[in-house]
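Here the structure comes first, spelled out in structure tokens, and everything after it is commentary.
Naming: A, B, ... by sequence-line order, numbering from 1 per chain.
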Number of protein chains: 2
Amino acid sequence: MITLTERQSLILKAIVRDYTEGGNPVGSKSLVQELPMKVSSATIRNEMAHLEEIGLIVKTHLSSGRIPSIKGYRYYVDHILKPEKVDSQDLKVIQHSLGGEFHKIDEIVAQSADILSQLTSYTTFTLRPEVKNSRLSGFRLVPLGNHQVMAILVTNNGDVENQTFTIPNDLTGDELEPVVRFIDDQLIGLPLQDVLAKLQSEIPLKLSQYLQHPNGFLDIFGRVLSKAAAERFYVGGKLNLFDYTTKQDPQEMRSLYSLLDQTDHIADVIGPPGQQIQVRIGNEITNDLLKDYSLITATYDVDQHGQGMIALLGPTAMPYSRMIGLMGVFQQELARKLLEYYRYFDE
Amino acid sequence: MITLTERQSLILKAIVRDYTEGGNPVGSKSLVQELPMKVSSATIRNEMAHLEEIGLIVKTHLSSGRIPSIKGYRYYVDHILKPEKVDSQDLKVIQHSLGGEFHKIDEIVAQSADILSQLTSYTTFTLRPEVKNSRLSGFRLVPLGNHQVMAILVTNNGDVENQTFTIPNDLTGDELEPVVRFIDDQLIGLPLQDVLAKLQSEIPLKLSQYLQHPNGFLDIFGRVLSKAAAERFYVGGKLNLFDYTTKQDPQEMRSLYSLLDQTDHIADVIGPPGQQIQVRIGNEITNDLLKDYSLITATYDVDQHGQGMIALLGPTAMPYSRMIGLMGVFQQELARKLLEYYRYFDE
DNA sequence: TTTTAGCACTTAACTTAATGGAGTGCTAAT
DNA sequence: ATTAGCACTCCATTAAGTTAAGTGCTAAAA
């Protein structure tokens with residue numbers, strides 16, 4: 001267990017701040033000038049030597065100034081940092097852009113990713129409240145003429161998924177009607193997960209009573225169902241990566257950028273909802289591509305509708321206190337907006 | 001009007017090929033070795049001096065080898081190049097990936113962008129056949145329960161657009177039925193463009209016979225209609241930009257990458273359907289961000305269903321003959337696949 | 001015991017100089 | 001019209017020198 005004296009703590013804090021703002025290693029002389037206590041640079045140097053010994057700061061070369069190590073950021077985040085109160089200007093932006101009318105949960109969640117990335121100049125990820133609590137509340141097949149049918153699935157949370165299909169010549173829309181009625185009778189009200197499970201087991205059997213070749217229909221139903229049950233991350237501020245990245249090798253940039261498009265990998269990196277606000281720094285992130293970055297994740301809570309997530313990817317040298325403050329506000333505002341939205345459908 | 005001797009033409013061709021393959025300026029000595037005629041490097045130098053004088057090749061510095069100028073590429077493309085026969089392997093890939101079953105035109109068009117970018121390692125854009133010939137063939141409002149309604153619009157080309165809306169408490173789905181009937185009676189069969197025009201003029205007036213506050217509905221209808229009438233480019237191989245780009249300034253990369261996301265700007269750059277296959281090189285492209293790249297565009301023809309476009313963005317030093325060959329094949333295969341698709345709905 | 005002044009030392013970053021190689025243009029001979 | 005030969009130019013690389021920032025350590029001061 002590391003314990004720092006008051007003075008050491010102030011020094012670490014100043015190094016983190018200076019390096020985050022200026023981007024250059026911090027030397028003893030510049031520290032002397034801005035620290036409140038009046039000691040010489042030699043004293044600061046002694047303290048810095050100690051901070052280095054216990055691994056909180058490192059040199060970029062033998063005679064350079066110091067920069068925080070990952071362990072140093074960790075200590076700073078855990079013991080020194082105080083979340084910054086969010087700028088009233090920023091708060092207005094957030095509340096205004098979540099204040100409008102939305103027709104879909106996904107729109108709200110995607111919008112959040114965009115505003116947060118805009119406010120931070122970093123890259124953001126948002127995940128809607130888990131769908132594992134969602135239940136099937138309606139399924140339609142709407143014939144559109146000319147071999148086309150639209151399948152529409154609605155959940156009790158107001159989510160709507162749809163997909164258009166072409167159906168073979170020998171299958172008319174009318175023949176599908178008893179199938180829809182079967183689904184309405186047997187499956188409505190069940191959690192999507194359960195329906196998915198039954199799709200593997202009993203449903204095919206029962207359906208064969210109505211349809212000679214149920215596979216085509218099962219495919220349709222399965223696809224829409226999977227779409228509704230899928231957890232999707234929305235990514236905001238992808239382009240910001242170009243600003244804060246440390247890489248200049250185009251191949252590395254490519255890999256990194258490509259990662260942002262693979263929303264399933266993102267899920268692995270960010271992990272399931274958990275602690276309120278979590279900061280992962282450098283190699284604490286379980287993905288080698290991100291080992292030079294920091295990730296702040298926050299879980300938000302929408303009562304019986306489950307939990308969702310917000311995440312923020314930026315350089316290890318980021319203004320953590322402002323960021324954590326912002327994440328806190330988003331946690332609240334997003335949950336509030338979603339509750340308001342859900343309430344509308346629960347009426 | 002430029003005329004080159006046979007030998008000058010061979011030299012230009014060799015310079016273009018060498019530079020495209022190797023990326024280095026080409027000198028007289030290496031040219032001597034690979035050219036079929038047996039002359040000395042001094043002779044080649046004289047010819048090169050002439051080619052430079054008329055602006056087809058340039059030096060990177062006073063004593064360097066030569067690289068083709070934009071004018072040089074232009075001449076090469078217009079007078080020397082012969083489209084390369086497409087590799088049978090590549091042809092298989094194309095036919096196989098367009099051979100599957102598709103449920104939407106957009107899927108086919110998007111898929112084409114992806115394969116082409118994969119085969120070329122460049123960035124591609126595809127535009128579906130113009131919608132200006134599309135006619136409204138159906139409009140539905142499907143109540144989904146709990147204040148939600150899905151609006152579905154179908155065109156005679158089999159395009160389906162939909163959007164979910166929340167409707168105010170004081171408006172029930174039933175009240176909207178006469179509105180839908182009005183649309184079916186009055187607007188079905190009209191080109192989307194005409195419907196859009198009427199939306200600005202006579203429709204609001206007539207609608208007010210059925211609805212007290214038609215604005216909400218008009219908004220819904222207008223949005224779905226606009227989506228159906230919008231021309232959308234699909235972009236493939238965005239990530240390839242990282243490989244062939246010449247920039248290393250992250251800010252320029254950002255601008256460039258951002259351009260690829262702005263599909264409306266893309267339309268301006270690529271322009272309307274026109275010549276069969278057009279090559280624009282460097283500053284011939286009407287966008288400063290792309291002045292170091294080349295753009296090959298091709299128009300394909302789907303009979304009465306209109307024309308669409310394929311485009312390819314890559315470095316100015318690209319293997320034009322292979323690329324033009326590929327574009328030719330795509331032109332045919334895509335048109336063929338789309339015809340097959342449309343025929344299914346015209347039955 | 002803690003702090004400080006002073007100094008030798010290290011390193012990155014920048015500048016300057018030297019060298020070799022690839023390629024050119026030009027001239028004079030073929 | 002072609003070619004051999006040569007002076008010349010420029011890039012790329014390496015080597016050497018300089019400066020500025022910053023460190024660790026020692027010995028004296030507080």
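One atom, CD1 of A:Ile11, and another, P of C:dT3, lie 10 Å apart when rounded to the nearest Å. Distance, A:Asn46 CG to C:dT4 C1': 9 Å, rounded to whole Å. Between the CD1 atom of B:Ile67 and the P atom of C:dT24 there is a distance of 13 Å, given to the nearest Å.
When all heavy atoms of A:Ser69 and A:Val58 are compared, the closest pair comes out as CB-CG1, 4.0 Å. When all heavy atoms of B:Lys71 and B:Leu56 are compared, the closest pair comes out as O-CD2, 3.7 Å. Looking at every heavy atom in both residues, B:Ala113 comes nearest to B:Thr126 through CB-OG1, 3.5 Å.
No donor-acceptor pair under 3.5 Å is formed between the side chain of A:Arg7 and the backbone N or O of A:Met37. In this structure a side-chain-to-backbone donor-acceptor pair under 3.5 Å is present from B:Arg280 to B:Ile270.
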Base contacts versus sugar-phosphate-only contacts with protein, heavy atoms under 4.0 Å: please encode nucleotides 16-23 of chain C as B, S and - from 5' to 3'.
------BB
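Within a 6.0 Å radius of CD in A:Gln89, no more than 12 heavy atoms belonging to other residues, nucleotides or ligands are found. The local environment of NZ in A:Lys247 is crowded, with over 12 non-hydrogen atoms from other residues, nucleotides or ligands closer than 6.0 Å.
Where B:Val39 and B:Thr60 each meet DNA chain D at their nearest nucleotide, the meeting point lying more 5' is that of B:Val39.
Along DNA chain D, the stretch of nucleotides lying under 4.0 Å from any heavy atom of chain B spans, 5' to 3', D:dT2 to D:dC11.
For B:Phe125 and B:Tyr234, the gap between ring centers reaches or exceeds 6.0 Å.
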